[in-house]
Amino acid sequence: GPKVLQIPSHQIIDMGQMVTLNCDPVSNHLYFYWYKQILGQQMEFLVNFYNGKVMEKSKLFKDQFSVERPDGSYFTLKIQPTALEDSAVYFCASSFQGAGNTLYFGEGSRLIVV
Amino acid sequence: SQLAEENSWALSVHEGESVTVNCSYKTSITALQWYRQKSGKGPAQLILIRSNEREKRNGRLRATLDTSSQSSSLSITATRCEDTAVYFCATDYVGDNSKLIWGLGTSLVVNP
């Protein structure tokens, strides 16, 4: 089936540094999402992105977070600066028609902030 | 507060048995989705059931939706060890399809 690719799969980073998580969504999809998951628990919505803009973001999407998809390339989540509580697995997802339809997820980027 | 939640934290069955995971939600929805997440992997959709549907099947999987009680169930028949995973229900809600709201998940272990 359709694949969403996430790079890197794992990253360890010092607190205060910047990290960029990359997502290559399904090619004809129009909606992109980032979710945060700690220890296999609930998937927590961070942000969604459509038509080059953030459509909605949650309280977890702190000021240190930003997303973009320059020129149809990777959909990125940048955290600058990182904090210890940012340690989690970040999942990217994409869909063709919004959240009422199937979301395709990547395998996740495991971020450890030390 | 949770807009969607599964009703069991963890279940354990033996291979070949059937199991049902239940989910309740708190708003009017356009669709409810069941996802499975295996260890170290991203979630994968199993079934999407729309608000005007009462039942949907996908092989050994059967999902039901009861909009009057705002609940859904996912049944797996003839379970296999590879069904071991965390099962999530997730909903959008009427007037906002910008995101899915997820339950906490039910961990299912299928023993040989």
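Treat the numbers as computed from the prediction; the structure is a model and nothing was measured. A note on names: the letters A, B, ... follow the listed sequences, proteins ahead of strands, and every chain is numbered from 1.
- For A:Q37, the part sitting under 4.5 Å from any heavy atom of chain B is the side chain, from C-beta outward, and nothing else.
- Using a 4.0 Å cut-off between charged nitrogen and carboxylate oxygen, B:D83 and B:R36 count as a salt-bridge pair.
- Ring pair A:Y33/B:W102: centre-to-centre distance not below 6.0 Å.
- With a 4.5 angstrom heavy-atom cutoff, A:M43 touches chain B via backbone and side-chain atoms both.
- Partner B:S71 forms a side chain to side chain contact (heavy atoms under 4.5 Å, CB included) with one of B:S73, B:S69, B:S68 and no other, that one being B:S69.
- Relative orientation of the A:F75 and A:F32 rings is tilted, given thresholds of 30° and 60° on the angle between their planes.
- The greatest number of non-hydrogen atom pairs below 4.5 Å with chain B, out of A:Y35, A:Y104, A:Y50, is found for A:Y35.
- Of the listed residues B:A44, B:G40, B:P43, the one with more heavy-atom pairs under 4.5 angstrom with chain A than any other is B:P43.
- Both the backbone and the side chain of A:E107 come within contact range of chain B, with heavy atoms under 4.5 Å apart.
- Going from atom CG of A:L46 over to atom NZ of A:K62 covers 10.0 Å, rounded to the nearest 0.5 Å.
- With respect to chain A, the highest number of heavy-atom pairs below 4.5 Å among B:L32, B:I29, B:L48 belongs to B:L48.
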